[in-house]
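Here the structure is laid out as structure tokens; the discussion comes afterwards.
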Amino acid sequence: MAKDYTQLWQSLGINLQKHEGLLTVLSEAYQKIYLSQKNRPEGMKYFDFVISEVHGLRIEELYDAKQEGRKVVGTFCVYVPEELVLAVDGVYVGLCAGADVGSEEAERFIPRNTCALIKAFMGFKLSGLCPYVEMTDLIVGETTCDGKKKAYEIFDEITKKMYVMEIPNMKQGTDKELWEKEVIRFKEKLEELTAKKITYENLKKATQTVNQKRKSLQRLSSLRAYDPAPISGLDALLVNQISFYDDPLRFTQKVNELCDELEERVKKGEGAFPKGTMRILISGSPFAIPNWKLHAIVEGSGAVVVGEESCVGARNYRELTDEGFSSVEEGIKKIAQRYLTIDCACFTPNNERPEHIKQMKETLNAQGVIHYSLQFCTPYMMEAYKLEKQLDLPFLRIETDYSMEDFGQLKTRIEAFLETLT
Ligand code: BJ8
């Protein structure tokens with residue numbers, strides 16, 4: 001029988017009744033979408049367990065970490081350098097932003113036509129449904145899209161915990177300087193928060209830990225290139241989503257164990273789907289947990305998703321940080337350089353992204369690209385037009401949100417797209 005966390009949730013001010021409802025919906029969706037899949041690797045059992053304890057055991061671990069004097073840092077973007085948080089022995093967690101929750105409450109503060117991700121993080125907090133946000137000592141935002149920037153101002157009024165990093169809009173010389181200074185400012189903020197100094201030793205160790213995590217995700221990604229794909233897109237997506245809030249050392253070990261199993265499957269020619277199944281690359285806005293809609297539609301239509309050109313995907317693990325530094329200052333520079341390689345659509349121009357999509361399509365042997373933007377996500381919606389023209393690949397543009405209202409319509413469009421690929 002599952003452990004009872006009521007007391008812990010109560011102490012965090014969670015709305016117990018609504019929360020119970022949320023967990024029930026989540027568990028039903030998980031049963032239907034995940035546990036009904038066939039030919040799943042054994043190694044997914046760990047990730048099933050993590051999901052079943054998403055607001056339970058992990059929250060208890062964060063509670064214990066805080067009791068030991070460690071600080072919890074919440075984030076919403078892959079631009080926030082995890083290495084620095086780990087260097088001060090902090091806990092880095094992505095905050096709840098992937099479900100249609102608390103929209104009505106959120107719309108008291110932000111316009112109706114705001115992207116689902118922003119509405120969700122506001123909604124989760126305002127309806128008392130995110131224990132992660134309650135656990136945080138600091139919430140780090142970033143000046144990426146306009147929606148997030150302005151929402152963070154309101155979120156600060158509500159939580160009193162926001163710290164915002166300035167992300168440049170371009171990647172020229174002065175932008176690089178600004179970004180490096182921002183990384184230094186963040187380092188100082190963390191040192192003040194934790195009363196711990198970032199040293200060469202702890203920065204090196206943290207960089208290695210984060211690199212190992214990213215390497216395990218790269219390994220998982222490269223295994224998806226095989227036909228038959230040894231793992232479903234849904235399962236690979238889940239692993240990527242969990243990378244944002246699990247303990248990094250344990251997570252890396254479990255992903256590598258999963259990859260060992262997948263390598264065996266590849267040798268035996270076993271797959272999650274039969275050999276020759278249509279292969280799709282998804283590109284665009286992030287898939288915050290539990291946003292599984294698009295993958296469920298694609299895989300429910302007889303294709304397999306073999307990659308995500310997304311922040312919950314390749315944009316998070318494509319580049320490692322150069323570990324060849326010999327001082328804190330040099331380490332900070334390397335970290336700043338690594339993060340500025342991220343090809344978010346918030347940058348102009350964003351010329352690396354089409355190249356990355358092409359490369360991923362090639363290496364993963366995908367037959368078509370589905371470009372997914374969250375509705376009202378201007379950067380990705382706008383960039384999709386340009387990409388479609390520029391890439392000259394089988395390309396389907398989709399705009400959606402977290403609701404299930406357009407499920408049937410999307411399925412029809414995706415099935416029609418898949419037919420054009422046969
Ligand atoms: S690096 S993609 S995680 S900003 S979906 S809130 S962009 S309107 S999340 Fe992102 Fe960092 Fe960029 Fe990645 Fe705005 Fe679009 Fe909403 Fe978005």
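Ligands are counted one by one from 1 in listed order, and the atoms in each one are counted from 1 as well. We number each residue from 1, following the sequence as shown.
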>> Please compare A116, G313, C311 and report which has the shortest non-hydrogen distance to atom 13 (Fe) of ligand 1.
In response: C311

> If you count the atoms of ligand 1 from 1 in the order shown, which ones are under 4.0 Å from a heavy atom of I118?
Replying inline: 6 (S)

>> Give me the residue, atom name and distance of the protein heavy atom closest to atom 12 (Fe) of ligand 1.
In response: C344 SG, 2.3 Å

>> Closer than 4.0 Å to some heavy atom of C115 - which atoms of ligand 1 meet that?
In response: 5 (S), 6 (S), 8 (S), 16 (Fe)

>> Among E188, E191, E192, exactly one meets salt bridge (Lys or Arg N to Asp or Glu O under 4.0 Å) together with K197. Which residue is that?
In response: E191

> Where does the angle between the aromatic ring planes of H19 and H55 fall among parallel (under 30°), tilted (30 to 60°) and perpendicular (over 60°)?
Replying inline: parallel

> Which ligand 1 atoms does C377 reach within 4.0 Å, using its non-hydrogen atoms?
Replying inline: 5 (S), 7 (S), 8 (S), 15 (Fe)

> Which protein non-hydrogen atom lies closest to atom 10 (Fe) of ligand 1, naming both residue and atom, and how far is it?
Replying inline: K148 NZ, 3.6 Å

> Where does the angle between the aromatic ring planes of Y34 and W292 fall among parallel (under 30°), tilted (30 to 60°) and perpendicular (over 60°)?
Replying inline: perpendicular

> Is a donor on one side and an acceptor on the other found under 3.5 Å between the side chain of R214 and the backbone of R318?
Replying inline: no

> Mind checking whether P286 has a heavy atom under 4.0 Å from ligand 1?
Replying inline: yes

> For ligand 1, which atoms have a heavy atom of Y380 less than 4.0 angstrom away?
Replying inline: 2 (S)

> Got the closest protein heavy atom to atom 11 (Fe) of ligand 1, with its distance?
Replying inline: C77 SG, 2.3 Å

> Which of the atoms of ligand 1 are close to T144, meaning less than 4.0 Å from one of its heavy atoms?
Replying inline: 4 (S)

>> Can you tell whether the side chains of E182 and R185 come within less than 4.0 Å, N to carboxylate O?
In response: yes

> Is the centre of the F124 ring less than 6.0 Å from the centre of the Y132 ring?
Replying inline: no

> Parallel, tilted or perpendicular for Y339 and Y79, by the 30°/60° rule?
Replying inline: tilted

> Can you name the closest pair of heavy atoms from A206 and E83 and give their distance?
Replying inline: CB-O, 3.2 Å

> Has C145 got an N, O or S atom lying less than 2.8 Å from atom 14 (Fe) of ligand 1?
Replying inline: yes

